[in-house]
Structures are given as structure tokens and as C-alpha cells.
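In what follows, a structure is listed as C-alpha cells, so that the remarks can point back to it.
Every number for a ligand or one of its atoms is a count from 1 in the order of the listing. Computed from a prediction, not measured in an experiment: that's the story for all the values here.
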Amino acid sequence: MCRHLGWLGREASVSSLVLDPPQGLRVQSYAPRRQKHGLMNADGWGVGFFDDTTPRRWRSAAPLWGDVSFDSIAPALRSHCVVAAVRSATVGMPIEASATAPFTDGRWLLSHNGVVDRDVLPLSAAAESTCDSAVLAALIFAHGLDALGHTIVEVGAADPNARLNILAANGSRLLATTWGDTLSILRRDDGVVLASEPYDDQPGWEDLPDRHLIEVTAERVTMTALNPTKG
Ligand code: GLN
């Protein structure tokens, strides 16, 4: 299981979201508190953000805690919409930057926290890596993000052991699913954070229920149960 974080709100620095919080993704890379699968997230990291409407990414197959160059630059990276992740590779998956979230189709940034049997997914030339998460991302992009809930229910039915926590953003919408792992929300005055686990112990964090689709826009947060019959 990896850990991921999404931000939609006023412009904020990447360091304030990912590196500075006392239990943020940097700390979660070696000492996550709520991770149920895997001990640490040392197999890479990725930060994606929207530069106006253009998604931009910085990914690495090395641990986040040791990246002094990123540490120096992150305070200068500012965005209204961010998707970041630290990775604990599933056994058998390649460890390479291209297997590290966030994945993109040029419009969306997407992270997968979980595992899925690649045999239930269609092969895709568009997948950035042979990693299960990259193949799943290609399927989600092919179906379109408006069908995210439906796609997750379908994949979950095909692989009952799958864990399918997705986090995706396009600059104006933040979408997430809970399917087998933790996710929390923090509604701040200046925006909304969705994160695999709280990045601090301040009040305000709420745990989200499993098997739900969450959508955050500038106006509202909506939550829908992922129902196998209706998707
Ligand atoms: N299965 C994915 C990978 O190998 C994601 C792993 C995770 O959530 N830890 O990268």
C-alpha cells in the first residue's frame, strides 16, 4: 500500500502539503501510522500539480526522505491542485519512476493505493509501466473519470481481493475512491485535503467510509456509496 494526498483550494506550496506537516508524506515514507499493508514507502515518490491547466510531475524511484534536491525546490512549487504519493511496491512489480504515481493522460493526475491482479485488466499500450497501478490507471483513463465509480466496482467484482483506493485530479475536481484502505478528509478554510492518513494531529480530520466515491470541487464535497449493482 502506498500513501497518497490530494489538494484542491487556493494556491499552496508543495512543501507545505507534502514535506512540512509532522506526519506528512515525507514522514509517511518511513513511518506511516495507518498503513495496513507494507511497513514503509521507500520504493519511490511522485508529486504532480497543475500549472494553470497543465499537469506537471516530478517522480523518482528513490525514497522521498533522502531527496535533498526536491526538498530545496518544493517550497517554490505552488499550485491550487496537487496529487502526491509515496510508494511501497507490491511484490513482483517493477521499481522505476514510471511505475510511481501520479500517472497522467495529459489531463488528469491519478494515484492508486492498493493492489489488483493484472490478469483481470485489459492490456494497454497506453500504460506507463507494467506495474498493476499503471495498467489500472490506463483503464480508468480509457473509460473516463466520470465513470470512475463504475470502473472500480467492475474491477472489484473481477478481482475480489483487489484494493482500489484511487485519487485523481484535473485542476478543478478532486476524485477519490475508498476500496480496502484508509482515506481521510480535512476541510480547511483555504481548500480541501484528501489523504490516506492525517498529516497531523490537529482537529478537523474525518475518516471516510469504505467503498465510496468522493468528489471535491470548489463548491462542495459529495460522497456516494459504491454499490455493486448500480456502480
Ligand atoms: N500495487 C502498486 C505498486 O506496486 C501500489 C502499491 C501500493 O499501494 N503500495 O506500486
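Ligand 1 places these atoms under 4.0 Å from at least one heavy atom of Met93: 4 (O). Taking a cut-off of under 4.0 Å to the non-hydrogen atoms of Cys131, the atoms of ligand 1 that pass are 3 (C), 4 (O), 10 (O). Residue Asn113 approaches ligand 1 through these ligand atoms, each under 4.0 Å from one of its heavy atoms: 8 (O). Per-residue contacts place Ala89 under 4.0 angstrom from the following atoms of ligand 1 (heavy atoms of the residue considered): 4 (O).
Judged by the shortest distance from any of its heavy atoms, Ser88 lies inside the 4.0 Å radius around the atoms of ligand 1.
Tyr199 and Trp205 have their aromatic ring centers within a separation under 6.0 angstrom.
At a 3.5 angstrom cut-off on N or O pairs, Cys2 counts as close to ligand 1. Below 3.5 Å of separation, one finds no N or O of Ala99 facing any N or O of ligand 1.
In this structure, Asp200 contributes its side chain and Pro21 its backbone to no donor-acceptor pair below 3.5 Å. Checking side-chain atoms of Asp51 against main-chain N and O of Thr54 turns up no donor-acceptor pair under 3.5 Å.
Annotation for Arg107: atom CZ does not count as buried by contact number, only 12 or fewer foreign heavy atoms lying within 6.0 Å.
Residue contacts with ligand 1, taken as heavy atom pairs separated by less than 4.0 Å, involve Arg87 solely via side-chain atoms from C-beta onward. When non-hydrogen atoms are compared, ligand 1 lies under 4.0 Å from the backbone of Thr90 as well as from its side chain.
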Note to self: The test is side chain to side chain donor-acceptor pair (under 3.5 Å); show your working for Thr178 and Asn165 and say whether it passes.
What the structure shows: CA-CA 5 Å; Thr178 52; Asn165 278 39; 5.8 Å; no
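Here the side chains of Gln28 and Gln35 are not in contact, with every heavy-atom distance at 4.5 Å or above. The shortest side-chain heavy-atom distance between His80 and Ser172 does not fall under the 4.5 Å cut-off.
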